Amino acid sequence: MAPRRPREPRESVRSRRRDPQLARSVKRQYGSALPFLTRTPKMLDPERLGDVLRRGPAVKEQVDAFRALDAERRALQHQLDAVRSQRNAANDGMARIADKKSDDFARMRDGLRALSTEVKEGEARLAELEAGARAKLLYLPNAPHASVPDGAGEQENRIVSVWGEKPTFAFAPKDHVDLGVGRGILDFERAAKMSGARFTVVMGKGAKLMRSLLAFMLDVHTERGYTEVWPPVLIKRHAMEGTGQLPKFEDDAFKTSAARPEDEYFLCPTAEVPLTNLHREEILEASALPIRYTAYTACFRAEAGAYGKDTRGMIRQHQFDKVEVVKFVRPETSYAELELLRGDAEEILRRLGLHYRVSLLCSGDLGFSSAKTYDLEVWLPGQDAFREISSCSNFEDFQARRAMIRYRPAPGEKARHVHTLNGSGLAIGRTLVAILEQYQDEDGTIRVPDALVPYTRFDRV
RNA sequence: GGAGGAGUGGCCGAGUGGUCGAAGGCGGCGGUCUUGAAAACCGUUGUGCGAGAGCACCGGGGGUUCGAAUCCCUCCUCCUCCGCCA
């Protein structure tokens, strides 16, 4: 990414828009009608319809309902334009009459009043149709890419590679709860005092290990070309819609309470949301792409419906920590970029020497917004299982349409939607869990991976 | 939190009810001139929808009016000062 021009202390707001990444700023304040509805979405193109339908039979109904509303909307739009045209012509006539008190003027005014009423009624009906079509579209998932295998759920994901080997132990390996509590670095009972279930207090060398992990991850990513970002974690509704967390998954999110609805915020569920929304409603310079960001944030998830799953330990928490990587790329490069991004996430695991495998999610396990996702699954000896530690996805133009993120392929050409990608790089809590379990010794102490020692300045917990 | 001020095209900036998608300047593009360049001069230059005629857009939304960039309400954003804080 090109370095941003340093800002003058008293620079005006408007000149600040002269950002080298921006071909042209798009002025559109939040809550406006239908930024992404301006053309038939690509996912509804006949050739891609088959792909959306792989999501399951319910999607067919959604598509049909959307198309019906959209056809109605287009018809009304045409009709309304014709009436508007009449009104505009009549209005020109009025403007040319010098004598505003003449009978002619009065007669024309009455005619115009009728036309205006008709236009207003049409606009009201059009707004309803648009809102209806938009609502339908917001609930429609992304189309799986052709390379995504069909399948109903997790069991049908495809393992595409395995890195490293299972560490062998001359003793029965403990899980991270026993290890962490045993070393005095994890405290679930005390966490419950202030926050209840599904929270962890990390203490002492454990806390330092967390801090070291996030610094280490950000350093690796920035060395590899990502720009480090420290974003807000209280998020407005429109931004959550932009990346696809809303409206469908509102129950999964925490939100603040506020006297006025417009003062309400959602707690960031992943840095994907603020990072992707950095460029919402912008037209980017083609030469600036790919744009790459990395950020550490705390992440908050209500995880409704996950009761009873992973109740022990710090695998599934209401609050966790994660370093995320996000890319904005040209559409034709997005699948190559996905492989690179996955490599960037894998790099962290490799440098930490953690045994893991890569899984390609099948259509039934694919997230709502994603066209293709790889999960990185780290080996947890204490659970005798691979567990997700990173999820790397190509969203194609799904988020770009919702958040109106475009680029201009060449000067003078029409703006196109970018493709967005993101991946965890990595979930910090789960990385700590993996280190505890894979690097444990028989006496319950834990060796610190070499790559982290420069950060922790101790080599054993 | 309190008190003021402001948001118009890539940028600056005019426009306080109709002929305004919007003067003028800068920048960009094309041309004339030039060995070449600069200067000067001429022309051109927003976005989206639509097959097209056409329609929409002056921060967002709503209202007044026959008619709104212009008047009113509201929200957002930014600026200045005060207070508080990290």
Side-chain angles (χ1 to χ4, degrees), chain A residues 5 7-41 70-124 126-131 133-134 230 232 234-239 241 258-265 277 280-288 401 404-408 410-417:
Chain A
R5 186 167 60 96
R7 285 173 182 171
E8 307 294 330
R10 303 193 62 118
E11 200 176 13
S12 81
V13 187
R14 301 191 47 197
S15 62
R16 228 179 253 183
R17 292 205 205 116
R18 207 181 300 134
D19 185 312
Q21 269 178 9
L22 275 180
R24 199 182 69 86
S25 58
V26 176
K27 286 187 316 220
R28 189 189 287 276
Q29 289 278 338
Y30 315 126
S32 59
L34 342 148
F36 62 95
L37 236 190
T38 49
R39 257 179 262 158
T40 303
D70 195 48
E72 208 180 324
R73 186 197 119 241
R74 280 161 192 268
L76 179 59
Q77 177 84 57
H78 261 197
Q79 193 189 322
L80 180 60
D81 278 0
V83 184
R84 278 165 165 167
S85 182
Q86 276 183 56
R87 182 203 56 187
N88 289 350
N91 198 29
D92 283 351
M94 294 268 311
R96 268 189 285 274
I97 292 187
D99 181 3
K100 309 287 190 201
K101 299 228 191 294
S102 68
D103 288 348
D104 269 359
F105 189 86
R107 200 166 343 103
M108 291 183 81
R109 189 186 56 209
D110 293 343
L112 245 182
R113 182 179 280 139
L115 279 173
S116 282
T117 305
E118 198 179 338
V119 166
K120 277 179 186 164
E121 286 167 0
E123 283 174 343
L126 186 65
E128 278 175 38
L129 285 173
E130 284 177 343
R134 179 174 192 268
W230 200 285
L234 291 181
I235 310 281
K236 291 283 195 188
R237 175 175 292 271
H238 64 258
E241 282 181 359
R260 306 182 309 163
E262 59 268 29
D263 292 333
E264 186 179 88
Y265 291 99
N277 278 284
R280 73 178 287 117
E281 289 157 42
E282 289 185 11
I283 298 176
L284 303 160
E285 289 284 14
S287 60
R401 284 179 180 279
M404 277 288 281
I405 308 167
R406 294 176 294 173
Y407 78 107
R408 199 175 301 285
E413 280 186 41
K414 284 179 82 164
R416 297 182 61 196
H417 290 101

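What you see below is based on every heavy atom in this structure, not just the backbone, and it leaves out hydrogens, waters and symmetry mates. Note on naming: letters A, B, ... go to the chains in the order of the sequence lines (proteins, then strands), and numbering restarts at 1 for each one. Nothing here was measured: the structure is a model prediction, and the numbers come from that model.
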Practice task
Pick the P atom in G30(B) and in A37(B), then give their distance to the nearest Å.
Solution key: 12 Å
Completion exercise
One should read off an interatomic distance between Arg87(A) CZ and Leu80(A) CG, to the nearest 0.5 angstrom, of 8.5 Å
What's touching nucleotides 53-55 of chain B from the protein side, N or O pairs under 3.5 Å?
unit_1	atom_1	unit_2	atom_2	d
G54(B)	O3'	Ser85(A)	OG	3.2
C55(B)	OP1	Asn88(A)	ND2	3.2
C55(B)	O2'	Asp81(A)	OD1	2.6
C55(B)	O2'	Arg84(A)	NH1	3.1

Problem - Leu284(A) CG - G10(B) P separation (whole Å) - result: 15 Å
Problem - Identified pairing partner of G7(B), criterion: Watson-Crick or G-U wobble below 3.5 Å - result: C76(B)
Practice task
Return the value, rounded to whole Å, for the distance between atom CE of Met108(A) and atom P of U19(B).
Solution key: 14 Å
Problem - Distance, C1' atom - from U44(B) to G10(B), rounded to whole angstrom - result: 15 Å
Practice task
Send over the distance from Leu76(A) CG to C49(B) C1', rounded to a whole Å.
Solution key: 14 Å
Name each donor-acceptor pair under 3.5 Å that joins a side chain in residues 111-121 of chain A to protein atoms two or more places apart or in another chain, with its distance.
unit_1	atom_1	unit_2	atom_2	d
Arg113(A)	NH1	Asp110(A)	OD1	3.4
Ser116(A)	OG	Leu112(A)	O	3.3
Thr117(A)	OG1	Arg113(A)	O	2.8

Handout entry: Identity of whatever pairs with G24(B) - Watson-Crick or G-U, under 3.5 angstrom
Key = C12(B)
Exercise for the section: Identify, between Thr117(A) and Asp92(A), the residue whose nearest nucleotide on RNA chain B lies closer to the 5' end. Expected result: Asp92(A)
Problem - A37(B) - base-pair partner by Watson-Crick or wobble geometry, distances under 3.5 Å - result: none
Handout entry: Inter-nucleotide P distance (A39(B), C20(B)), Å rounded
Key = 33 Å
Exercise for the section: Could you grab the distance from atom CD of Glu264(A) to atom CG of Leu234(A), nearest 0.5 Å is fine? Expected result: 11.5 Å
Problem - Student check: side-chain heavy atoms of Tyr265(A) and Lys236(A) closer than 4.5 Å - result: yes
Practice task
Quick one: pull up CE in Met404(A) and CD in Glu282(A) and give me the separation to the nearest 0.5 Å.
Solution key: 11.5 Å
Handout entry: For G30(B), the Watson-Crick or wobble counterpart (both distances under 3.5 Å)
Key = C42(B)
Fill in the blank from the handout: So CZ of Arg416(A) and CD1 of Ile405(A): to nearest 0.5 Å the spacing works out to 15.0 Å
Problem - Complementary nucleotide for G18(B) - Watson-Crick or wobble, under 3.5 Å - result: C66(B)
Fill in the blank from the handout: note: Lys236(A), atom NZ; C76(B), atom P; distance rounded to Å ~ 7 Å
Problem - Spacing of the P atoms in C85(B) and G4(B) (rounded, Å) - result: 24 Å
Practice task
Please state how far atom CZ in Arg408(A) lies from atom P in G46(B), giving the value in whole angstrom units.
Solution key: 12 Å
Handout entry: P gap between G59(B) and A68(B), integer Å
Key = 15 Å
Problem - Length of the CZ-C1' vector between Arg237(A) and G60(B), whole Å - result: 17 Å
Exercise for the section: Between G63(B) and G67(B), how far apart are the C1' atoms? Round to whole Å, please. Expected result: 15 Å
Problem - Whole-Å P distance, C76(B) and G28(B) - result: 39 Å
Handout entry: Below 4.0 Å: OP1/OP2 of U65(B) and any side-chain N or O of Ser116(A)
Key = no
Handout entry: Separation between the P atoms of G5(B) and C73(B), rounded to whole Å
Key = 13 Å
Fill in the blank from the handout: Hits for side chain to side chain donor-acceptor pair (under 3.5 Å) against Glu123(A), two or more places apart or cross-chain, chain-then-number order -> Arg84(A)
Fill in the blank from the handout: As its Watson-Crick or G-U partner within any shown strand, both distances under 3.5 Å, G1(B) has C82(B)
Practice task
Evaluate the side-chain proximity of Gln77(A) to Glu130(A): yes if any heavy-atom separation is below 4.5 Å, no if none is.
Solution key: yes
Practice task
Would you mind pulling out the nucleotide paired to C55(B), Watson-Crick or G-U wobble, both distances under 3.5 Å?
Solution key: G48(B)
Fill in the blank from the handout: Looking only at C66(B), G67(B), G50(B), the nucleotide nearest the Lys120(A) side chain is G67(B)
Practice task
Hey, could you give me the CG/CE distance between Asp92(A) and Met94(A), rounded to the nearest 0.5 Å?
Solution key: 11.0 Å
Problem - Between C1' of G17(B) and CG of Asn91(A), the distance in whole Å - result: 11 Å
Handout entry: Interatomic distance, Arg134(A) CZ vs C49(B) C1' [rounded to whole Å]
Key = 18 Å
